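Reading through the structure tokens given below for one structure.
The model shown is predicted, which means the values in this text are computed figures rather than measured ones. Just so it is clear: chains get the letters A, B, ... in the order the sequence lines come, proteins before strands, and each one is counted from 1.
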There are 2 protein chains.
Amino acid sequence: MNEGVEWAMHSCVNLSWLPGEAVTAKRLAAFYNLPTAYLNKQLQALTRAGILTSVSGPKGGFQLARDPQKITLLDIVVAIDGPDDAFRCTQILKEGPGADPKVDYTKVCVVSQAMRSAELTYRRTLAGQTIADIAERVVSTSPDAPASTRNRFANLKS
Amino acid sequence: MNEGVEWAMHSCVNLSWLPGEAVTAKRLAAFYNLPTAYLNKQLQALTRAGILTSVSGPKGGFQLARDPQKITLLDIVVAIDGPDDAFRCTQILKEGPGADPKVDYTKVCVVSQAMRSAELTYRRTLAGQTIADIAERVVSTSPDAPASTRNRFANLKS
DNA sequence: ATAACCTGGATACTAAATGTCCTGAATCCC
DNA sequence: GGGATTCAGGACATTTAGTATCCAGGTTAT
Ligand code: SF4
Ligand code: SF4
């Protein structure tokens, strides 16, 4: 899995502490000391996926496109890592016994179904958790996180 | 995910149709027209993991090390793809606010916990399905699969 | 003894992830 | 309008992981 997923998760949580404020890629990157240009690519992907909105120009930057309660972890994973399943079906049955090129063995093959069922539970679990849930749980263990995050962003020079 | 996982799944199912018979890597590869030497590496990994047993020399080959009911899909995935989670934790919090090198943020971080919970359901689902389950489901849709598989293996020249 | 087969390391090849750079367009401020 | 700031995105370069081949060494059946 793309490590940009982790960056995106944390950035979205941070952005949820800064509602209505446009934060530049440079500042988001500086927060965790990440490569700016590369993080910018992930932010672009989130924007294309409709998770963030972006504004060009001075005072521009990124912010959450909708309520954190409506952004699931699955949304982010799909936006950054793509919609493909981890288990790749290379259709080896086509080289096997009943070789019928017209059949899509992805649907028929029992192995494929079994792996797919596992990935389904995975996605369901991710879809059941939102950025708001994450943020809330962070607050419950360290209640000053939102304030200190805002403070840190305010003090970021670059 | 490693595509060897797919090869391993199908090979294990095939081997479950051939109990007590040692099948050479060359024949297992020929069944799906796979690269012999590379498939052999996956079979070695399965052997190291205790899923297969191997015998050297003429009349040698691989066979299941235990009852197909006791081989879960998770066993195979771990043997081929390794035990690591898909979500990689690069510990970016160490570059962040509270930077404490002594803390293992993998345990503390809420994002990490959320992703981990999803992977847990994934693994649980995989662990709940065995090679025997797969084989049984194949039989229920095409009852002649075991016989035709044995027949095809018997007719493989190389 | 020979041939077949597994083991594992070395190596090559290929694809994907990671990271950088640069041009162009949008926006703000003077 | 002009300059500065920032996003958008394409074009690379670099690094890492996956895929594939080969060979030398050990095991076993005949
Ligand atoms: S569908 Fe089944 S047989 Fe075909 S490639 Fe996927 S796993 Fe293998
Ligand atoms: S533990 Fe949390 S913060 Fe640390 S790297 Fe993993 S996801 Fe990021």
When you check the phosphate oxygens OP1 and OP2 of D/dT5, does a side-chain N or O of A/R27 lie under 4.0 Å from one of them? no

Tell me the interatomic distance from A/L39, atom CG, to C/dG19, atom P, rounded to whole angstroms. 11 Å

Does the cation-pi check pass for B/R152 over B/F31, that is, NZ or CZ under 6.0 Å from the six-membered ring centre and within 45° of its axis? yes

Just call it for B/N40: base, sugar-phosphate, or nothing, with non-hydrogen atoms closer than 4.0 Å on any strand. base

Below 6.0 angstrom between ring centroids: does that apply to B/Y38 and B/W7? yes

Using whole Å, what does the distance between atom P of nucleotide D/dA17 and atom CG of B/D81 come to? 13 Å

How long is the line joining CE of B/M1 and P of D/dT19, in whole Å? 11 Å

Quick one: is A/R48 getting a side-chain N or O under 4.0 Å of the D/dG9 phosphate, OP1 or OP2? yes

Does a donor on one side chain and an acceptor on the other come within less than 3.5 Å for B/S11 and B/N14? no

Round to a whole Å and report the spacing from CG of B/L52 to P of C/dC6. 11 Å

Ion pair check, A/D144 and A/R150, cut-off under 4.0 Å: no

Per-nucleotide protein contact string for nucleotides 23-29 of chain D, where B marks a base within reach and S marks sugar-phosphate only (heavy atoms under 4.0 Å, - for neither): ---BBBB

With a non-hydrogen cut-off below 4.0 angstrom, is B/G61 in contact with a base, only sugar-phosphate, or nothing? sugar-phosphate

Taking C-beta and beyond as the side chain, do B/E6 and B/Y32 meet within less than 4.5 Å on heavy atoms? no

Among C/dG19, C/dT7, D/dC7, which nucleotide has an atom closest to any side-chain atom of A/A25? D/dC7

Look at the side chain of B/K41 and the base of D/dG18, then say whether one donor and one acceptor between them are separated by less than 3.5 Å. no

Polar contact flag, side-chain donor to acceptor under 3.5 angstrom, A/Q129-B/S117: yes

Which comes earlier along DNA chain C counting from the 5' end, the contact point of A/P35 or that of B/F62, where each point is its nearest nucleotide? B/F62

What is the distance from CH2 of A/W7 to P of C/dA17, rounded to the nearest Å? 14 Å

Can you tell me if the side-chain N/O atoms of B/R88 get under 4.0 Å from OP1 or OP2 in C/dA17? no

Return the value, rounded to whole Å, for the distance between atom CG of A/L43 and atom P of D/dC7. 8 Å

Between D/dT14 atom P and A/Y38 atom OH, what is the distance in whole Å? 17 Å

Write down the distance between CD (B/Q44) and C1' (C/dA10), rounded to a whole number of angstrom. 14 Å

Distance alone, cut at 3.5 Å: any donor-acceptor contact between the side chains of B/T121 and A/T125? yes

